[in-house]
**Q** 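Starting off with a structure, shown below.
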Amino acid sequence: MKFDLKNKDRNKLLAVLSISLFLCLALAVSGQAALGDRTLSPGSKGAEVKELQKKLLQIGYQVGKVDGVYGKSTTEAVKRFQKNRGLKVDGMAGEKTIAELKKLTGESTTSSGKKVGYKNSDVQLLARCIYAEGRGEPYIGQVAIGACVMNRIKSSEFPNSIAAIIYQPKAFSAVDDGQINLSPDETAVKAAKEAMSGSDPTGGAVFYFNPEKTKNKFIWSRPQIKKIGKHIFTR
Amino acid sequence: MKENTKKRILAWLSLTFFVAFGLSLAWGIYEYRLLNEQKTALDNQYKRALNDLVTDVNEMETSMAKAKVANGPSLKVLYFGEIWKSSDTAVNRFSQIPSDEIGISYVETLVNQIADFSKSMTQKVAATGTMNANEAKIFDDMHQRIIEINRSLQDLSNQYYAENLAWIDKSPGIWEKLGIGKLIQATAQGGEKGGDPNQGDPEAARQAGEQTPSSVRGGLRQLDTSLQKYPPLSYKGDLDKHYVEKPLGLPEGVIDERKAITVAKDFLHKLGFRDAEPQVTGHSDSPLGGFNLSFKDAYLEISKKGGVVTYYRNQRELNERRLDVPKAIEKGYAALKKLGWDLVVTSTEDLDSYVMVEAVAQDKGVRIYPDKVRMTIAMDNGELIGFDANAYYAYHHDRQLNKKLSLAEAKSKLAKNFKIIEERLAVISKIGNEEAFCYEFRGTAFGEEYLIYIDAVDGSEVKISRVVNTPRGKLIQ
């Protein structure tokens, strides 16, 4: 068998091929629709869902794995978001829900509207530290751990940024054993935000320890302020 | 036949064994190489931190020597700026070097103090052209100490390269841990075991000071010990704002546990808990501390001195958000009024199920920013679920507010293109743990919103804050 096409036929074939190629591309692109083009609901899949999950995660709502599948945990996260923002709690990401989500995940602006970034980069790290060190503690106990980090920034005996304090060798056992890399729950994110806004239930503490687990002489020698949950907070 | 099967089994077994052995050997070599690579990468980071630390402190010391002799403001400000910069980075380098424990470090404290001091001197010299005799004396004292630190650090760095010092003192190996081998005495630490803290033990510390370190951390610890012989610096400055030694605002008198319960009951009653039965669940030992009480999901703190509620947090479950921010603030403010507070709301942060609000005291129309109360208001029903008056009771006192500048004079100090939106008088805290009585101007320039504070007594620019619109409210940077 031999293809013996004339020039004209060849051109025709080429045209058909390129048109179908173009159509394929166009379809592929339209598959990547932007978040907010349609209502997403349990069972939805794709890039839009992934975008939705990322945004929820960005403001502290845990969605499980960011996998582009609108599963149970995503539905629950959407419900919690709707509850906390006073929207209709139906677990579906409709126009209003997505608009609210976009608003809250947007960048900060100057008075003339110029974008200047998110201005919340340390919340995630502090939340991880709180979760790794204090999950299972009462909420105030978690805020207190965050407040200790914030107090260290103000103190002359420690470095001056959240990252420098958290990653200081031997400062937090949960950093040394890698628990810091666990993804924090919503309570820890909330506690981190509250501590960063300046809330301090510890009365100025810079150390804390679990009296049942610690024999370290130095930490026991520090002036104790109070006990919250399982931890004793000291100066 | 039987013999044959045995032989075959044996052959198979030995073959499996050799294959398994070969595989695990290969795996072991692979892991070993990987470990080495990672060790090197980590070690390089540590080396970098140590080298940077030595460089920073050296630069710091040099700039201090120059700043002492500089006579005109232009160079003096420049050198103070350099000191500030290198001391700030030195503190961060210091915290990157491996450690076997965490404790309070004198070196870090001193370097931090110098950073704060040079920051306030940068501003002062730029404004007034010089520093006074007392400041010069403090600065010289700081310099003498830094010379010593610098020498020790360079010595340590030399030792590190010459002897390949370990980063931290050797901790007991596996045999020692099992109790079979003899414990190796870690000379530098003065303690028997690695990781055993020797701080707070003056005898061990004294001994440590006289020996050659066996590790970088040990050397730093010795340096720390040697610095303890100095008297404390007379400069306190901007330090340790997180902890107030002498609160200014607590009422007179001391209360007992019974009174604390009455105070808590009254507080809860005003918040709408009719028959609350708060229980004392603990004590806190700090100048603002006293009794910790609980009632259902609520936690309260009542000061021993003066018997006031300093902290309250209701950790109840929050329901569906039903209010908008202004409405919630209105409700929270009403609750605050009921509790006997008359404050002005200065900032809000919308945190979904609740909103955090800062409110400050006002004295004849003057906003007193240091006297601050922080409220948390639930967005489901506007209930006040959080209240923190620690700052208020720490700083509140009667202030003598006499301005010398007129509004027009203060305005003339502003940048030409600054458009004023709002103006008022205010007391703010400034560098050096001091307060300043100022004109506050809110306005715009370069497309940005600012708060500019002009001293109402001497007319200097005290502080500039930038206001940014975040999705959760205005952020004052």
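In what follows, every chain begins at residue 1, and chains take the letters A, B, ... in the order their sequences are listed. No experiment lies behind these values; they were computed from the predicted model shown.
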**Q** Would you give the length of the straight line joining atom CD of B:E320 to atom NZ of A:K79, rounded to the nearest 0.5 angstrom?
**A** 12.0 Å
**Q** Which region of A:T202, side chain (C-beta onward) or backbone (N, CA, C, O), has a non-hydrogen atom less than 4.5 Å from a non-hydrogen atom of chain B, or is it both or neither?
**A** neither
**Q** Where does B:M356 contact chain A at under 4.5 Å (heavy atoms): side chain, backbone, both or neither?
**A** side chain
**Q** Examine whether an atom of A:L87 lies under 4.5 Å from a heavy atom of chain B, and if so say whether it belongs to the side chain, the backbone or both; otherwise answer neither.
**A** backbone
**Q** Applying side-chain contact (heavy atoms from CB on, under 4.5 Å), run through A:L104 and B:R472 and close with a yes or a no.
**A** CA-CA 7 Å; A:L104 287 171; B:R472 300 187 179 277; 4.0 Å; yes
**Q** Check whether the side chains of A:N160 and B:N92 place a donor and an acceptor atom closer than 3.5 Å, and report yes or no.
**A** no
**Q** Let me know if B:L475 has heavy atoms under 4.5 Å from chain A in its side chain, its backbone, both or neither.
**A** side chain
**Q** Against chain A, label B:Y354 side chain, backbone, both or neither, depending on which of its atoms sit under 4.5 Å from a heavy atom there.
**A** side chain
**Q** With a sphere of 6.0 Å drawn around NZ of B:K304, does it hold more than 12 non-hydrogen atoms of other residues, nucleotides or ligands?
**A** no
**Q** If you apply the rule side-chain contact (heavy atoms from CB on, under 4.5 Å), what do you find for A:K227 with B:T281, and how did you get there?
**A** CA-CA 10 Å; A:K227 192 171 179 186; B:T281 49; over 6 Å; no
**Q** Within the side chain of B:N112, is there an N or O that forms a donor-acceptor pair under 3.5 Å with the backbone of A:F158?
**A** yes
**Q** Are more than 12 heavy atoms, taken from residues, nucleotides or ligands other than B:F418, located less than 6.0 Å from that residue's CZ atom?
**A** yes
**Q** Tell me if the NZ atom of B:K305 is crowded by more than 12 foreign heavy atoms within 6.0 Å.
**A** yes
**Q** OH of A:Y139 to CZ of B:R316: how many Å apart, nearest 0.5 Å?
**A** 13.0 Å
**Q** Of the listed residues (B:L288, B:L110, B:D88, B:D350), which shares the most heavy-atom pairs with chain A below a 4.5 Å separation?
**A** B:D350
**Q** At a heavy-atom separation under 4.5 Å, does A:Y61 approach chain B through its side chain, its backbone, both, or neither?
**A** side chain
**Q** Using non-hydrogen atoms and a 4.5 Å limit, figure out which bit of B:I97 sits close to chain A: side chain, backbone, both or neither.
**A** backbone
**Q** Working to the nearest 0.5 Å, report the span between CD1 of A:I225 and CG of B:D285.
**A** 8.0 Å
**Q** Of A:R85, A:K83, A:K190, which is the lone residue that meets side chain to side chain contact (heavy atoms under 4.5 Å, CB included) with B:D352?
**A** A:R85
**Q** Can you tell me if CD on B:E422 sees more than 12 non-hydrogen neighbours from other groups inside 6.0 Å?
**A** yes
**Q** Quick one: OH on B:Y311 to CD1 on A:I140, what's the gap to the nearest 0.5 Å?
**A** 5.0 Å
**Q** Going from CD on A:Q168 to CZ on B:F94, what distance comes out if it is rounded to the nearest 0.5 angstrom?
**A** 9.0 Å
**Q** Kindly determine whether B:V468 and A:V116 satisfy side-chain contact (heavy atoms from CB on, under 4.5 Å), including the steps that lead there.
**A** CA-CA 8 Å; B:V468 167; A:V116 285; 4.0 Å; yes
**Q** Using a strict threshold of under 4.0 Å (side-chain N to carboxylate O), is an ion pair present between A:E194 and B:R313?
**A** yes
**Q** What part of B:Q315 is in contact with chain A, defined as an atom under 4.5 angstrom from a non-hydrogen atom: side chain, backbone, both or neither?
**A** side chain
**Q** Is there a side-chain contact (heavy atoms from CB on, under 4.5 Å) between B:E301 and A:K226 once you walk through the steps?
**A** CA-CA 11 Å; B:E301 275 183 37; A:K226 71 180 70 163; 2.4 Å; yes
**Q** Please identify, among A:P159, A:P223, A:A147, the residue contributing the most non-hydrogen atom pairs under 4.5 Å to chain B.
**A** A:P159
**Q** Output the option from A:G198, A:P138, A:S161, A:A164 having the highest count of non-hydrogen pairs under 4.5 Å with chain B.
**A** A:G198
**Q** Is there a donor-acceptor contact under 3.5 Å from the side chain of A:S111 to the main chain of B:G447?
**A** yes
**Q** Between the side chain of B:S286 and the main-chain N/O of A:G203, is any donor-acceptor distance below 3.5 Å?
**A** no
**Q** Rounded to the nearest 0.5 Å, what's the gap from CZ on A:R80 to OG on B:S353? Could you check?
**A** 11.5 Å
**Q** With a sphere of 6.0 Å drawn around CD of A:E95, does it hold more than 12 non-hydrogen atoms of other residues, nucleotides or ligands?
**A** no
**Q** Scan B:E349, B:R374, B:E358 and name whichever one has a side-chain hydrogen bond (donor to acceptor under 3.5 Å, both in side chains) with A:S197.
**A** B:E349
**Q** Looking at every heavy atom in both A:G106 and B:P471, which two are closest together, and how far apart are they?
**A** O-CG, 3.4 Å
